[in-house]
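In what follows, every heavy atom counts, from backbone to side chain, and hydrogens, waters and symmetry copies are set aside. Indexing begins at 1, ligand by ligand and atom by atom, following the structure's order.
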Amino acid sequence: MKRSKLVVANWKMHLNVHQASLLVNRLDKKIAIYRDVEVVLAPNFICLQPISMELDKRKFRLASQDGYFVDEGSYTGAISFSQLRELVHYSIIGHSERRRYFNESLDVVRDKVAAAVRNNITPILCVGETREERNQKETKQVLHDQIVSALSNLTSEDVENLVIGYEPVWAIGGKEPAKPDTIAQAVSWLRYQIGELYGEKVAKSVRIIYGGSDEPEYVNGIMAIEGVDGLLVGHASLNYVQFADIIERVHHSRVIGNEE
Ligand code: 13P
């Protein structure tokens, strides 16, 4: 199956409704429609509704940055995937900042992935090792555990449509992404694991994107890596000139998804 290119803007806990709307407006003027690149914006919860009203849906899709795994009930402060289903195509799930600051366990991430799928939302499942885990040579084990656990309640058809974000925790919020070799090894290990669990066809269909200090100058290098289908952009996505530059470079990068 041929995969398509995907770029996700994770705005994290930045921008109020007014600022987010301004950024969408600027992006809209700056970014052309590229049929080979899907562009997804992930604002905070309160911005989703107003932005969905003004968004050019031929150009952009929306993602939430999280969601709760129960569909409805007495859970003060939570927002469920069933409440998000009319609003977003995607949900970022298991971001390392959620795992770290909000104590999200492997089980919680698994339940959120299943809840998103149940509500017809495509999960962008984030996985990645910390600096310490890398130094201890535990990267493969950590990625294995995160993948096996998060996908354990899904069918192979669900997994086929999934997006995985490889985000080494130590590369987030810095000046430079991980080296191409490092990304290549992790991505091929993730595809191998998915192949072992769900078969070759699923492993070739699942989209894997890279996140961690994605800046325009590094896009060509990252997109040249076999198995990488796109980017999960943090701080550079808050700057419309930089983000538009990233999209354009992704558009000009290699044709993906035909690897044998
Ligand atoms: P930065 O691009 O700011 O490193 O953030 C990456 C990220 O966490 C995207 O989800």
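Note on ligand 1: Lys12 sits in its first shell, one or more heavy atoms being nearer than 4.0 Å. Ligand 1 is never approached by Ala236 to a heavy-atom distance shorter than 4.0 Å.
Using the six-membered ring where Trp is involved, Tyr166 and Tyr210 have ring planes that are tilted, between 30° and 60° apart.
The closest side-chain donor-acceptor pair between His235 and Glu215 falls under 3.5 angstrom.
In Phe45, the CZ atom is crowded: over 12 heavy atoms of neighbouring residues, nucleotides or ligands sit closer than 6.0 Å.
In Asn10, the part holding a heavy atom less than 4.0 Å from any atom of ligand 1 is the side chain.
Checked against Val117 for a side-chain contact (heavy atoms from CB on, under 4.5 Å), the options Asp158, Thr155, Leu151 give a single hit: Asp158.
Geometrically, ligand 1 and Gly234 share a nitrogen or oxygen pair separated by less than 3.5 Å. Polar contact check, Gly173 against ligand 1: a nitrogen or oxygen pair lies under 3.5 Å apart.
Taking a cut-off of under 4.0 Å to the non-hydrogen atoms of Ser213, the atoms of ligand 1 that pass are 1 (P), 2 (O), 4 (O).
In this structure, the protein non-hydrogen atom closest to atom 10 (O) of ligand 1 is Glu167 OE2, 2.7 Å.
The salt bridge (charged side-chain N to carboxylate O under 4.0 Å, His left out) contacts involving residues 165-188 comprise Glu176-Lys179, where partners must be two or more places apart or lie in separate chains. Within the structure, salt bridge (charged side-chain N to carboxylate O under 4.0 Å, His left out) contacts touching residues 121-130 (residues at least two apart or in different chains) are Glu129-Arg134.
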